[in-house]
Every structure is written in structure tokens, then in C-alpha cells.
Amino acid sequence: MTAIRHFLNTQDWSRPDLDALLADAARFKREKLGDALKGRSIALVFFNPSMRTRTSFELGAFQLGGHAIVLQPGKDAWPIEFDLGTVMDGDTEEHIAEVARVLGRYVDMIGVRAFPKFVDWSVDREDRVLRAFAHYSPVPVINMETITHPCQELAHALALQEHFGTSDLRGKKYVLTWTYHPKPLNTAVANSALTIATRMGMDVTLLCPTPDYVLDERYMDWAEANVAESGGSLQVSHDIESAYAGADVVYAKSWGALPFFGNWAPEKPIRDRYRHFIVDEAKMALTNNGVFSHCLPLRRNVKATDAVMDSPQCIAINEAENRLHVQKAVMATLMR
Ligand code: CP
């Protein structure tokens with residue numbers, strides 16, 4: 001029996017396969033309509049809100065002749081149980097073992113968005129909702145953001161390739177900067193940015209307020225492995241000026257410090273001390289005429305100033321548009 005190919009993390013895909021996805025995405029950007037998904041369907045299972053992901057997946061399937069069905073367990077679909085052997089006498093109505101298998105009888109792919117519960121990182125880091133779908137599903141599963149965001153990675157990489165006019169991003173100085181946000185957010189996009197930037201061979205600086213904001217060792221290890229393979233570099237910095245100096249790319253994201261996961265009250269005064277990590281014109285002036293991006297949604301004048309967001313160096317809207325094109329490439333590839 002051939003193993004089902006899922007799109008759970010870019011790290012599971014070879015570099016040539018990722019390059020092929022990006023080339024397909026560039027083609028889908030030029031040729032909007034097609035029939036690569038004619039007669040095909042995808043269930044989009046959202047446990048959390050979305051604007052870009054939902055719109056771009058639904059539209060992408062439609063533009064390639066396919067059909068997307070959105071399901072929100074606990075809202076318009078039954079709440080799902082993920083524990084094995086549990087006596088289901090609580091709030092959940094059906095088990096993932098049935099949900100994934102039944103959906104697999106209807107549709108050709110399943111997309112899953114399931115953020116962490118923010119209580120216990122040792123539990124959330126197992127990504128068990130996504131893994132359970134992949135385990136039980138007879139059809140390919142796509143990660144629409146759990147503890148990583150691989151579709152965002154591809155959209156980001158494509159936007160950078162477009163900006164620099166080359167698919168070869170090696171040697172670019174890339175800064176992934178933590179920014180303030182009033183709430184402790186998911187590390188998914190930060191994990192993903194670190195992963196794809198090192199995969200592309202860039203010289204990556206992870207800029208964050210204190211060592212507590214360094215990412216989970218799994219993603220730091222992936223980044224180190226990518227550096228060894230791609231020839232880039234990786235460093236962690238807590239110094240804003242030296243991190244921004246000469247940067248070609250500044251990518252911003254906020255996330256909660258993992259040592260405080262589930263016990264966020266003591267983290268709040270720490271994060272409040274680092275509001276000055278906001279991306280502003282003064283910091284961008286230190287760069288090598290660097291490009292700025294963010295996955296969106298973004299709180300203006302908290303994570304980045306109006307001036308940065310509205311500057312010609314901001315490619316966040318291009319990156320968001322690219323979600324549509326890269327996801328078409330992922331769906332079409334999984335259906336080949
Ligand atoms: N960047 C991103 O995934 O956006 P949404 O949360 O709106 O889908």
C-alpha cells in the first residue's frame with residue numbers, strides 16, 4: 001500500500017519538491033483559472049477563526065474547478081473527541097476516527113486549522129489534532145496552521161523570490177523579529193519562518209527580547225539542520241540595532257514565551273517591557289533597504305507602524321495574495 005502524501009510541514013518535503021510547488025504557484029499566479037482540481041473536493045476544518053486561509057482555500061479550489069466545504073466543529077459541525085479509549089459522556093459527539101474516515105469517503109483532501117490550547121506546551125507541541133486527522137484520513141491532509149503554518153511559509157518564500165527577482169535567496173540577511181502583542185500568541189508562524197528561511201539558505205537572525213522567547217527546540221533543530229544543508233546561518237540575538245543592521249528581510253511576529261505556557265500572568269509584565277520591539281521607520285532605516293513582511297492579521301502601531309505598513313518596502317499584501325497561489329499548487333500536487 002502506498003503511503004498517503006500529506007502537507008503537514010515543509011520539513012517533510014524535499015527541497016526540489018518545495019521548489020516545484022513554488023514554480024507551480026508562480027504559474028497559477030499567471031494563469032488564474034484551470035481544471036487541475038476538476039471534480040475534486042476539499043473539506044476545510046476550522047477549529048479557529050480565519051480570513052485569509054478560508055478565503056484563499058475556498059477560492060483556490062473553485063478557480064481550479066474543485067469544490068471546498070467549510071466545517072467548524074463545535075459550531076456548524078459536531079464537536080470532535082481526540083482522546084483514545086475515552087468514555088464520551090462529555091461535550092464531544094463523535095470521534096476523530098469516524099470524522100476523518102467519513103470525510104475521506106466524501107472528499108479528496110482535508111485541510112485542518114487547529115491552534116494550541118495554550119495550557120500545556122508539552123501537549124500542544126504534539127500537534128495531535130493534525131496528527132490524528134493524518135492518521136485516520138484515507139485522503140491527503142493539509143496543515144492550514146496548527147503549531148506551524150507551512151502554507152504561509154510558501155507564500156512568504158514566493159513573495160521574497162518575487163521581490164528579489166530570483167528563486168535563489170542564499171546570502172540574504174533575514175531577521176525574524178518578535179514584536180509585542182497584548183496577548184501571548186501562537187508560535188506557529190515564527191516556527192515556520194525560521195524553518196523556511198533557513199531552508200532557503202538565508203543568514204537568519206532570530207531577534208527576541210530574552211532567551212525565554214527562543215522557539216521550541218524542535219524548530220531550532222530543524223533550522224540548524226537546514227543551515228547545515230543549505231549553507232546559510234542561524235543566530236539568536238536580543239539586540240535590536242545589530243540584528244537590523246544590513247538586513248535584507250525583516251519578518252515580524254509576536255508569540256508567547258514557552259516557559260510561561262499555560263501560566264501567562266508572569267509573562268505579561270515581561271512582554272510589556274518590550275513594546276519597543278515594534279517595527280518602525282527608525283529600525284528599518286538600519287537595514288539594507290530591507291523588505292518587510294508579516295503573515296497578517298497585524299495590529300497597526302503595535303507590531304508595526306503605519307509608516308512601515310504603508311511603505312513600498314512592505315510586501316505583506318503580496319504575501320497574503322500568494323496564499324491563494326501556493327495553496328492551489330499544494331492541492332494540485334496532492335491530487336496528481
Ligand atoms: N495568515 C493567516 O493565516 O491569516 P488568517 O488567520 O486570516 O487565515
TODO: Look at the side chain of His6 and the backbone N and O of Val141, then say whether any donor-acceptor pair between them is shorter than 3.5 Å.
DONE: yes
TODO: Examine Val139 and Ile142 and state if one hydrophobic cluster contains both, with Ile, Leu, Val, Met, Phe, Trp and Tyr joined whenever side-chain heavy atoms are less than 4.5 Å apart.
DONE: no
Task: Pro140 vs Arg5 side-chain heavy atoms within contact, under 4.5 Å - done: no
- [ ] Answer yes or no: is there a donor N or O on one side and an acceptor on the other, between the side chain of Ser254 and the main chain of Thr179, under 3.5 Å?
- [x] yes
Open item on the list: On a heavy-atom basis, which atom in Gly104 and which in Pro138 lie closest, and how many Å separate them?
Closed with: CA-CG, 3.6 Å
TODO: Answer yes if Leu324 and Leu44 sit in the same cluster of Ile, Leu, Val, Met, Phe, Trp and Tyr residues linked by side chain heavy atoms under 4.5 Å apart, and no otherwise.
DONE: no
Open item on the list: By the ring-ring contact (aromatic ring centres under 6.0 Å, His included) test, which pairs, at least two apart or in different chains, include something from residues 197-227?
Closed with: Trp178-Tyr213, Tyr219-Trp222
TODO: Heavy atoms only: give me the nearest Val70-Asp76 pair and the separation to one decimal.
DONE: O-OD2, 4.2 Å
- [ ] Flag yes if Leu185 and Val302 sit in one hydrophobic cluster, no otherwise; membership is Ile, Leu, Val, Met, Phe, Trp, Tyr, and two members link when side-chain heavy atoms are under 4.5 Å apart.
- [x] no
Task: Validation row: Met202, Leu160 side chains within 4.5 angstrom (heavy atoms) - done: yes
Task: Between Thr10 and Arg199: side-chain donor-acceptor atoms closer than 3.5 Å - done: no
Open item on the list: Taking the side chain as everything from C-beta on, heavy atoms only, tell me whether Gln152 gets closer than 4.5 Å to Ser192.
Closed with: no
Task: Main-chain N/O of Leu169 paired to Gln161 side chain as donor or acceptor, under 3.5 Å - done: no
Open item on the list: Going by the rule ring pair (Phe, Tyr, Trp, His ring centres under 6.0 Å), which residues pair with Phe164 if we only count those two or more places apart in sequence or in a different chain?
Closed with: none
Task: Distance flag, aromatic centroids of Trp121 and Phe118, threshold under 6.0 Å - done: no
TODO: Kindly compute the distance separating CG (Leu8) from CG (Leu130), expressed to the nearest 0.5 Å.
DONE: 5.0 Å
Task: Heavy-atom donor-acceptor pair, Asp239 side chain to Ser242 backbone, under 3.5 Å - done: yes
Task: side chain to side chain donor-acceptor pair (under 3.5 Å) partners of residues 84-99, not counting sequence neighbours, each pair once - done: Glu81-Thr92
Task: Test: Asp124 and Lys117 ion pair at under 4.0 Å - done: no
Open item on the list: Between Asp248 and Lys173 (side chain of the first, backbone of the second, donor and acceptor by atom type, cut-off under 3.5 Å), is there such a pair?
Closed with: yes
Task: Val308 backbone acceptor or donor facing Thr305 side chain under 3.5 Å - done: yes
TODO: Look only at the side chain of Asn322 and the backbone of His325, and say whether a donor-acceptor pair between them is shorter than 3.5 Å.
DONE: no
Open item on the list: Between Lys283 and Ile278, is there a side-chain heavy-atom distance shorter than 4.5 Å?
Closed with: yes
Task: Exceeds 12 heavy-atom contacts within 6.0 angstrom, atom CD of Glu229 - done: no
Task: Ring geometry between His294 and Tyr251 (parallel below 30°, tilted from 30 to 60°, perpendicular above 60°) - done: tilted
- [ ] Hey, could you give me the CG/CD1 distance between Asn191 and Ile196, rounded to the nearest 0.5 Å?
- [x] 13.0 Å
- [ ] Determine, using ring centers only, whether His135 and Phe133 are less than 6.0 Å apart.
- [x] no
Task: Neighbour count above 12 (heavy atom, 6.0 Å) for Arg170 CZ - done: no
Task: Residue of the set Thr195, Asp221, Thr198 for which side chain to side chain donor-acceptor pair (under 3.5 Å) holds with Asn226 - done: Thr198
Task: Common cluster, Ile110/Ile42, ILVMFWY with side-chain heavy-atom separation under 4.5 Å - done: no
- [ ] Looking only at non-hydrogen atoms, find the nearest pair between Asp212 and Ala257 and report the distance.
- [x] O-CB, 3.4 Å
Task: Within 6.0 angstrom of Trp78 CH2, more than 12 heavy atoms from elsewhere - done: no
Open item on the list: Rounded at 0.5 Å granularity, tell me how far CZ in Arg27 sits from NZ in Lys328.
Closed with: 10.0 Å
TODO: Could you check Met331 against Arg40 for side-chain contact (heavy atoms from CB on, under 4.5 Å), going step by step and ending with a plain yes or no?
DONE: CA-CA 10 Å; Met331 291 189 282; Arg40 304 289 197 161; over 6 Å; no
Open item on the list: I want to check something: taking the side chain as every heavy atom from C-beta on, are Arg323 and Leu296 in contact at a cut-off of under 4.5 Å?
Closed with: no
Task: Minimal non-hydrogen separation, Ala114 against Phe47, with atom names - done: CB-CD1, 3.9 Å
- [ ] For Phe292, enumerate each residue passing the ring pair (Phe, Tyr, Trp, His ring centres under 6.0 Å) test, keeping only those at least two apart in sequence or located in another chain.
- [x] none
Task: Distance (rounded to the nearest 0.5 Å) between Phe115 CZ and Met144 CE - done: 9.5 Å
TODO: Evaluate side-chain contact (heavy atoms from CB on, under 4.5 Å) for Cys208 paired with Val214, printing each intermediate quantity in order.
DONE: CA-CA 7 Å; Cys208 55; Val214 171; 4.2 Å; yes
TODO: Flag the pair Thr53 / Glu145 as yes when at least one side-chain heavy-atom distance between them is below 4.5 Å, and no otherwise.
DONE: no
Task: Listed partners of Arg336 passing salt bridge (charged side-chain N to carboxylate O under 4.0 Å, His left out), at least two apart - done: Asp24
Task: Side-chain heavy-atom pair Pro297, Arg52 within 4.5 angstrom cut-off - done: yes
Open item on the list: side-chain contact (heavy atoms from CB on, under 4.5 Å) for Leu103 and Val45? Distances and angles first, verdict last.
Closed with: CA-CA 10 Å; Leu103 284 177; Val45 184; 4.2 Å; yes
- [ ] Compute whether any side-chain donor of one residue and acceptor of the other, for Ser233 and Asp203, lie under 3.5 angstrom apart.
- [x] yes
Open item on the list: If only side-chain N and O atoms count, and only distance matters, is there a donor-acceptor pair under 3.5 Å linking Thr148 with Asn143?
Closed with: yes
TODO: State yes or no: do Val119 and Phe82 share one hydrophobic cluster built from I, L, V, M, F, W and Y residues joined by side-chain heavy-atom distances below 4.5 Å, directly or via other members?
DONE: no
Open item on the list: Donor-acceptor pair, distance only, cut-off 3.5 Å: does the side chain of Ser137 make one with the backbone of Ala134?
Closed with: no
Task: For Val326 against Cys151, the heavy-atom pair lying closest together - done: CG2-O, 3.6 Å
TODO: Please round to the nearest 0.5 Å and tell me the distance separating atom CD of Glu58 and atom CD of Gln63.
DONE: 12.0 Å
- [ ] Output, in order, the C-alpha distance, side-chain angles, deciding distance and verdict of side-chain contact (heavy atoms from CB on, under 4.5 Å) for Ile147 and Arg218.
- [x] CA-CA 11 Å; Ile147 56 171; Arg218 179 191 296 143; 3.5 Å; yes
Open item on the list: Please find the pair of heavy atoms, one from Ala36 and one from Ala332, that lie closest to each other, and give the distance.
Closed with: CB-CB, 4.0 Å
Open item on the list: To the closest 0.5 Å, what do you measure between CZ (Arg299) and CG (Asn301)?
Closed with: 12.5 Å
- [ ] Check whether any side-chain heavy atom of Asp12 lies under 4.5 Å from a side-chain heavy atom of Phe7, and answer yes or no.
- [x] no
- [ ] List in chain and number order the residues that pass salt bridge (charged side-chain N to carboxylate O under 4.0 Å, His left out) with Arg271, two or more places apart in sequence or in another chain; answer none if no residue qualifies.
- [x] Glu267
